[in-house]
A.B. asks: 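This is the structure I want to talk about, given as structure tokens.
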Protein chains: 2
Amino acid sequence: MSSLADRIEAYLMHLLARSQDGYVEVRRGELADRFSCVPSQVTYVLATRFTPERGFVVESRRGGGGFIRIVARHPRPEQPAGLGALWRRIGRSLSQAQAEGLLRAWEEMGIVSRRQAALARHVLQQEARELAPPLDGMVRAAVVKGMLVVLSNWPAGNDGIR
Amino acid sequence: MSSLADRIEAYLMHLLARSQDGYVEVRRGELADRFSCVPSQVTYVLATRFTPERGFVVESRRGGGGFIRIVARHPRPEQPAGLGALWRRIGRSLSQAQAEGLLRAWEEMGIVSRRQAALARHVLQQEARELAPPLDGMVRAAVVKGMLVVLSNWPAGNDGIR
DNA sequence: CCGTGATTTGACCTTGTTTGACTTTCTTGG
DNA sequence: CCAAGAAAGTCAAACAAGGTCAAATCACGG
């Protein structure tokens, strides 16, 4: 028997799946109402199912006109070699070699252009230069994650500044 | 449902975007009238959304012929040019407020999607969290620059990872 | 049957918005 | 100069969400 939490999760996943932009906005109260439960049940579902580890980011606002926004990081949740894995693999820090390897791979896959790769290498160099070992890796990871944010596009996304 | 405050903000932003000089002048009373609300609602919007933190300066005069002038400090809708300036603006370090302001601006201009903006906010938060003052700013700058690397997408059109 | 982890509830908290009564500051006509 | 009137400003109370936390309950493997 699927639990209430499961059904709420399924409903939200459904909304996400058919959303064109890769995110949904709901009212906690309305949801609670629809499933005839207390609002904090919704909070529970968000906290246990829509976590960053599972590839979701949740934003919310209180007060009048408040809402909860659930953002999916990737169209197809957990593909073995997909973006989710990539996010996890990057982790908190990247060596120069790791970063370059990633870039080369992306370039070969046509995920980034030659020019973007070159620019990225330049930025990596600039930013991580003269930083002591614990920090430089973090900065590299930061740069790559910034790239990933823009690259991990939901079908129908932005194409960049022309 | 977006709140009244949101709608008033949007309206003012719209006026600002259309204005060539980067500022607008409105009557508090007229605005209140247009949105059928009390005048102090307008004051509330100004106080919460058009702050110096977000790059606005608000001046006003009371009495007959009074007015409210909203000046946008940097966000000139730099459509064609701007990219180089953007790199320069980012610099070596970014405060949380600066980073969020930039993101908001990009989101408004449609340079990044709502979803990308949300992801970016999350990454920014995660990466800079528990980093002491000199470093956190650098990491934020790194994230934003990573985004910019991909966004400054010349001819070779990239559509993101599918 | 029991212990453990997941779920469900509800009382209470924090944040953001809306309204309205009251105040301050200008402008102007007399 | 001064009183009236026309704005805008302040501030606190009432509302409108969402968040927290812990107790109660449930489901299950051992």
Side-chain angles (χ1 to χ4, degrees), chain A residues 1-13 15-16 23-54 56-71, chain B residues 1-13 15-16 23-54 56-71 96-97 100-101 104 107 114 117-118 121-122 125-126 129:
Chain A
M1 220 258 284
S2 67
S3 69
L4 173 53
D6 288 341
R7 277 180 289 124
I8 296 177
E9 176 190 11
Y11 176 67
L12 289 175
M13 289 298 266
L15 289 188
L16 262 179
Y23 73 90
V24 273
E25 285 183 9
V26 294
R27 300 304 209 62
R28 191 177 77 147
E30 280 180 12
L31 249 192
D33 227 39
R34 163 184 291 261
F35 287 93
S36 326
C37 64
V38 294
S40 56
Q41 179 71 268
V42 174
T43 307
Y44 173 72
V45 172
L46 294 175
T48 55
R49 270 89 151 148
F50 294 86
T51 66
E53 292 76 44
R54 297 195 184 190
F56 300 96
V57 170
V58 175
E59 296 184 304
S60 64
R61 214 171 73 188
R62 305 185 183 190
F67 61 84
I68 290 175
R69 178 185 300 149
I70 305 172
V71 182
Chain B
M1 203 219 318
S2 66
S3 68
L4 173 55
D6 288 341
R7 277 179 287 125
I8 295 177
E9 177 190 12
Y11 176 67
L12 290 174
M13 289 299 272
L15 289 189
L16 265 178
Y23 76 89
V24 274
E25 283 185 13
V26 293
R27 301 304 206 67
R28 191 178 77 147
E30 280 180 12
L31 247 193
D33 222 41
R34 163 185 293 261
F35 287 94
S36 328
C37 65
V38 295
S40 56
Q41 178 71 262
V42 174
T43 307
Y44 173 72
V45 172
L46 294 175
T48 55
R49 328 285 224 245
F50 294 86
T51 67
E53 272 284 282
R54 296 192 181 185
F56 298 95
V57 175
V58 176
E59 305 164 277
S60 64
R61 259 259 210 313
R62 305 184 183 192
F67 62 88
I68 290 175
R69 177 187 301 144
I70 305 172
V71 184
Q96 185 68 30
E100 295 201 350
R104 193 169 16 249
E107 197 178 337
R114 201 182 207 55
R121 278 190 288 271
H122 178 249
Q125 190 110 68
Q126 283 299 302
R129 199 170 37 105

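Throughout, protein chains are lettered first and strands after them, A, B, ... in sequence-line order, and every chain is numbered starting at 1. None of these values were measured; they are calculated from a predicted model.
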A.B. asks: Can you tell me if A:R27 uses its side chain to pair, donor with acceptor, with the backbone of A:G66 under 3.5 Å?
C.D. replies: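 Yes.
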
A.B. asks: Can you give me the bend angle of the helix from C:dC1-D:dG30 to C:dG30-D:dC1? Use the axis through the first five pairs and the one through the last five, nearest 10 degrees.
C.D. replies: 0°

A.B. asks: Output the distance between atom CD (B:E59) and atom CZ (B:R69), rounded to the nearest 0.5 Å.
C.D. replies: 5.0 Å

A.B. asks: Mind checking what makes salt bridge (charged side-chain N to carboxylate O under 4.0 Å, His left out) contact with A:R62, not counting sequence neighbours?
C.D. replies: none

A.B. asks: Check B:R121 with B:E100, please: is the shortest side-chain N to carboxylate O separation under 4.0 Å?
C.D. replies: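 Here B:E100 does not pair with B:R121 in a salt bridge, since their nearest N and O are not under 4.0 Å apart.
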
A.B. asks: Starting from the C-alpha separation in whole Å, work towards a yes-or-no answer on side chain to side chain contact (heavy atoms under 4.5 Å, CB included) for B:S2 and B:R7.
C.D. replies: CA-CA 7 Å; B:S2 66; B:R7 277 179 287 125; 3.8 Å; yes

A.B. asks: Mind jotting down which residue pairs meet the salt bridge (Lys or Arg N to Asp or Glu O under 4.0 Å) criterion with at least one end in residues 40-53 of chain B? Sequence neighbours excluded, please.
C.D. replies: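 Of all non-adjacent pairs touching residues 40-53 of chain B, those that pass salt bridge (Lys or Arg N to Asp or Glu O under 4.0 Å) are B:D6-B:R49, B:E9-B:R49.
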
A.B. asks: How does protein reach along nucleotides 24-29 of chain D, written 5' to 3' as B (base within reach of a heavy atom under 4.0 Å), S (only sugar-phosphate), or - (no contact)?
C.D. replies: ------

A.B. asks: When you measure from every atom of DNA chain D, which of residues 3-11 of chain A have a heavy atom less than 4.0 Å away?
C.D. replies: none

A.B. asks: Earliest and latest nucleotide of DNA chain C, 5' to 3', sitting under 4.0 Å from a non-hydrogen atom of chain B?
C.D. replies: C:dG16 to C:dT27

A.B. asks: Applying salt bridge (charged side-chain N to carboxylate O under 4.0 Å, His left out), name anything that partners B:R114, two or more places apart in sequence or on another chain.
C.D. replies: A:E25, B:E107

A.B. asks: For B:S3 versus A:G65, what's the shortest heavy-atom pair and its separation?
C.D. replies: CB-CA, 4.3 Å

A.B. asks: The criterion is side chain to side chain donor-acceptor pair (under 3.5 Å); which residues satisfy it with A:E30, sequence neighbours excluded?
C.D. replies: none

A.B. asks: Mind checking what makes ring-ring contact (aromatic ring centres under 6.0 Å, His included) contact with B:Y23, not counting sequence neighbours?
C.D. replies: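 By the ring-ring contact (aromatic ring centres under 6.0 Å, His included) rule, B:Y23 matches no residue at all.
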
A.B. asks: Take nucleotides 7-13 of chain D nucleotide by nucleotide from the 5' end and write B, S or -, depending on whether a protein heavy atom sits under 4.0 Å from the base, only from the sugar-phosphate, or from neither.
C.D. replies: BBBB---

A.B. asks: Rounding to an integer number of Å, can you tell me how far B:Q41 CD sits from D:dA14 C1'?
C.D. replies: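 So the two atoms are 14 Å apart, to the nearest Å.
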
A.B. asks: List the atom pairs, with distances to 0.1 Å, where a side-chain N or O of residues 31-42 of chain A and a protein N or O form a donor-acceptor pair under 3.5 Å, not counting sequence neighbours.
C.D. replies:
residue: A:R34; atom: NE; partner: A:Y11; partner atom: OH; Å: 3.4
residue: A:R34; atom: NH2; partner: A:Y11; partner atom: OH; Å: 3.3

A.B. asks: Carefully, step by step, assess B:L12 and B:F50 under the rule side chain to side chain contact (heavy atoms under 4.5 Å, CB included).
C.D. replies: CA-CA 10 Å; B:L12 290 174; B:F50 294 86; 3.6 Å; yes

A.B. asks: If the test is side-chain contact (heavy atoms from CB on, under 4.5 Å), which one of A:L16, A:L46, A:V71 qualifies with A:F56?
C.D. replies: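 Of the listed options, the one satisfying the test is A:L16.
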
A.B. asks: Take A:L15 and A:M13, measure what side chain to side chain contact (heavy atoms under 4.5 Å, CB included) needs, and give me the verdict at the end.
C.D. replies: CA-CA 5 Å; A:L15 289 188; A:M13 289 298 266; over 6 Å; no

A.B. asks: Tell me, please, which residues at least two apart from A:T43 pass side-chain contact (heavy atoms from CB on, under 4.5 Å).
C.D. replies: A:R28

